[in-house]
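Excluded from the calculations below are hydrogen atoms, water molecules and symmetry mates; all remaining heavy atoms, backbone and side chain alike, are included. Counting starts at 1 for both ligands and their atoms, in listed order. Keep in mind that what you see is a predicted model, and the values were worked out from it rather than measured.
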Amino acid sequence: MEQETLLSVKDLTIHYITDDGVMKAVNGISFDLKKGETLGLVGETGAGKTTTALGIMRLVPDPPGKIVSGEILWNGKNLLKVGKLGMRAIRGKEISMIFQDPMTSLNPVMTVGAQLSEVIRIHEKLSRADAAIRAGEMLELVGIPSERMDEYPHQFSGGMKQRVVIAMALACNPLMIIADEPTTALDVTIQAQVLDLMRSLREKFGTATLMITHDLGVVAEICDRVAIIYAGQIVEQGTLEEIYENTKHPYTKGLFASLPDMSSKAHRLHPIKGLMPDPANLPSGCPFHPRCDHARPECARRTPVRTEVTPSHFVNCLLYE
Ligand code: SF4
């Protein structure tokens, strides 16, 4: 049975207008997220992943940021038309966000129990005592004994702090979590534990997740579908299997080739030559053409359109049009 679409981002364009010019951070991004699924938004630093997430949450600082065009349909309503109060009710209750640095979400001078209770009380009509009980339950759920409720964030390790943030994000049982590089700051073993936790909680609560990452290893662990983003555009989108086993776009192929080859002693890396373009000065035509080994003259003149490989797999590259 086809799952219900929860979030539908259509042609989203976000620019930052600065004294140095117009930074074209997000340039016509479209994707859907269905109930309970995990979509990986994957790309290098500066590709526009975080700006897309902030756009959905309506947290793009304006000025200098401007949502130039597009639609963000959430449960049938266009978030770009929802007022400040309406968005405040949606954030945390319907959509939660987890950032790379847990201290973005935690208050250093409040105990973790008080912070969790506060989040619960803002969105749910619970008494102080009931909110505290719920806070304790949420901590247990992420593997932290509820006796640690009265401790402050600095008393927790990095991985434990991120667990507290996950508990806060899930406290009001949101329909969707946006996780922006949630494990990047953690060491590898802890990363695996936090991803395991996120996976088991997703199974338990059925929460949809938009996983923002530069790490194809994280994607393989947790995502159902993948959207590869370059210079503020999605260049390839498909199921996990389609992207990993039937890679089409030269940029996606480059990302895979730049992964360390664990099976080889030499750990050969083939980084993609060149750098992500300056968003204030994007190349004409296909934005990847200055770095692409397959580029031909037409690539600098014409922007590729979305081309269907299968009904669930799309690529924006002239090679496939
Ligand atoms: Fe490379 Fe041309 Fe395809 Fe862009 S459109 S990825 S430059 S082959």
- Message: Checking the side chain of T5 only, and the main-chain atoms of L7 only, is there a donor and an acceptor separated by less than 3.5 Å?
- Response: no

- May I ask which of P287, C286, A300 has a heavy atom nearer to atom 4 (Fe) of ligand 1 than the others do? C286

Flag for [Y]-[X]: side-chain donor and acceptor within less than 3.5 Å:
X: S8; Y: D32; value: yes
X: Y152; Y: Q115; value: no
X: T184; Y: Q100; value: no

- Message: One residue to check: C317. Relative to ligand 1, which of side chain, backbone, both or neither has a non-hydrogen atom less than 4.0 Å away?
- Response: both

- Task: Could you tell me whether E151 and R148 make a salt bridge, using a distance below 4.0 angstrom between a side-chain N and a carboxylate O?
- Result: yes

- Query: Quick one: does H249 get within less than 4.0 Å of ligand 1, heavy atoms only?
  - Reply: yes

- Nearest-neighbour protein heavy atom for atom 5 (S) of ligand 1, which is reported as residue plus atom name and distance: L318 N, 3.3 Å

- Query: atom 2 (Fe) of ligand 1 to C299: any N/O/S contact under 2.8 Å?
  - Reply: yes

- Message: Taking N, O or S atoms only and a limit of 2.8 Å, check whether C292 reaches atom 1 (Fe) of ligand 1.
- Response: yes

